[in-house]
Number of protein chains: 2
Amino acid sequence: MAKRAKKTANPRKTPEQDRSRATVEAIVEAAAHILVKYGYDAFTTNRVAERAGVSIGSLYQYFPNKDALLSELMRRHVAQIERGVEEMAALARTAPLAEVIRTGIQENVRSHLIDPELHRVLSEEVPRLGSLDWKVAFVARMEDRVRGMLEARRSETAIADTGLAAYIVTRTVEAVVHNAMREQPKALASGALADELTRMLLGFLTGKVSAAARRHSAAAE
Amino acid sequence: MAKRAKKTANPRKTPEQDRSRATVEAIVEAAAHILVKYGYDAFTTNRVAERAGVSIGSLYQYFPNKDALLSELMRRHVAQIERGVEEMAALARTAPLAEVIRTGIQENVRSHLIDPELHRVLSEEVPRLGSLDWKVAFVARMEDRVRGMLEARRSETAIADTGLAAYIVTRTVEAVVHNAMREQPKALASGALADELTRMLLGFLTGKVSAAARRHSAAAE
DNA sequence: GTATAACATGAGCAATAGCTCAGATTGACC
DNA sequence: GGTCAATCTGAGCTATTGCTCATGTTATAC
């Protein structure tokens, strides 16, 4: 490994002609391809450039260092995820709590399905860039939203510490769904996992047990 | 980075004299120290040897490669964790469900307190060794125990799919506690987080809302 | 005291990775 | 068709790291 350049590098040239824009696209696509198919160990700038059909020099004309390329990948991935979140936020104001929870979980599932393997590599294999990696920041924003919702719905819920409850709910959804992608693909696909999760969280937040969430399981006794 | 040796390496010499046993200890301690204090990037065999006050050649006399040294660190850490789990398993057969859940959570907290920083580095920074890393294996064993308990307590619970419920419960506890170590140290230390988690899981498993878990919160309305 | 095995040493090899730079090529505009 | 900037090229520099091996030192057995 050569010396790692300073973390916050000066931005490089911005592409102006179509030719160079195509180069940048090729590099980003190649980067994703290498990460997904061969993992972070194989993710070297030389290899990315080769796969992109571009010289290593070109890569460094648009990305000041390796981390900048990774950041761009993350930025694009997060942008795709965020798109769907806004719609959900609107729903959250009117719909019944059970539905809000259900939708939140489905939204989380959807975000894992955009590019599952890239998502996994970015959050598990890639070393943390700085102290705030992209996922931490994203989950923190979700936590804020959830807390706001809980506060707006105080009458429906049985929660004293909304901050703590929001924390537990967001980490739970994220962790269970994220791991289930690999470990419980069937329960995820069938909706059984989302059903159970919804039931758990609804009970937690309302202090009541509801049958509303049982959209799926025909099992029960 | 030099070529990475084959993954499963032939075992090296086992120390026979006190002198060499001390060498091995010094190496392992130095390894943990470097990992905890400077992170995985600084974890090079040369640096570990230097910190241990031992030549690089000695290190390779007892550890066939870098991964073997990491494995030994993990092995020791897991051994410390496992010790407390057995006691809990005994309790799980007789105690009320609420208490079993509470104890399980506390046990998980304890496992994160043995060497918090080492725990974090081993599970977040260190690249996965093989497809089964130590923590996945550990959590999988916990999942088995929980499922067994749920099946033995069918009368107390309202769970159709014990496998799915055990899955959700174990990932939830592990993820929430693990993240809370950094993100919610106060709520963890006060017990408030454990209270809320217990309430959530108990409600989930029994289908009833219990006040039993409210050992801590004097807040509630 | 000597032979043998256990143990320790550290210079340096081989591989590899991030990144630079001097120069070639291409395109836009007149 | 000439000019200048944008773009592209890739050999190779610099640095680092995992690990070996020839050689030296210490303990044990007799």
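In this structure, the NZ atom of Lys66(B) is 8 Å from the P atom of dT17(D), given to the nearest Å. The distance from atom CD1 of Ile27(B) to atom C1' of dC7(C) is 12 Å, rounded to the nearest whole Å. When the P atom of dA8(C) is taken as reference, atom CD of Glu25(B) falls 13 Å away, rounded to whole Å. Whole-Å rounding puts the Leu69(B) CG to dT17(D) C1' distance at 15 Å. For the pair Asp18(B) CG and dA6(C) C1', the computed distance is 13 Å after rounding to whole Å. The interatomic distance linking Leu59(B) (CG) with dA11(C) (P) rounds to 17 Å, in whole Å. As rounded to whole Å, 18 Å separates atom P of dC19(D) from atom OH of Tyr62(B). Atom-to-atom, CD1 of Ile34(A) to P of dA17(C) comes out at 12 Å; the value is rounded to the nearest Å.
Comparing Arg21(B) and Asn46(A) by the nucleotide of DNA chain C that holds the closest heavy atom to each, the one mapping nearer the 5' end is Arg21(B). Between Asp41(B) and Gln17(B), the residue anchored closer to the 5' end of DNA chain D is Asp41(B), taking for each the nucleotide with the nearest heavy atom. Map Ser20(B) and Phe43(A) each onto its nearest nucleotide of DNA chain C; the residue landing nearer the 5' end is Ser20(B).
Picking from dT26(D), dG10(C), dG18(C) the nucleotide with the shortest atom distance to the side chain of Ser55(B) gives dG10(C). Closest to the side chain of Ile56(B), from the set dA27(D), dT26(C), dC19(D), is dC19(D). Nearest to the side-chain atoms of Gln61(A) among the listed nucleotides dC19(D), dG18(C), dT7(D) stands dT7(D). Here dC8(D) is the nucleotide among dA8(C), dG18(C), dC8(D) with the atom lying nearest to any side-chain atom of Arg19(A).
Contact between the side-chain N/O atoms of Tyr60(B) and the OP1/OP2 oxygens of dT9(C) is not found at any separation under 4.0 Å. In this structure, Ser58(A) reaches the dT9(D) phosphate: one of its side-chain N or O atoms is under 4.0 Å from OP1 or OP2. For the OP1/OP2 pair of dC19(C) and a distance below 4.0 Å, the side-chain nitrogens and oxygens of Thr45(A) include no atom meeting the criterion.
Taking the ring centre of Tyr38(B) as origin, the terminal cationic atom of Arg51(B) falls outside the region bounded by 6.0 Å and 45° from the ring axis.
Side chains of Tyr167(B) and Glu183(A): a donor on one and an acceptor on the other come within 3.5 Å. Glu124(A) and His178(A) share a donor-acceptor pair across their side chains, judged by distance under 3.5 Å alone.
Salt-bridge formation is not detected for the pair Glu174(B)/Arg171(B): no Lys NZ or Arg NE/NH1/NH2 atom is positioned less than 4.0 Å from an Asp or Glu carboxylate oxygen. A salt bridge links Arg21(B) with Asp18(B): at least one charged nitrogen is closer than 4.0 Å to a carboxylate oxygen.
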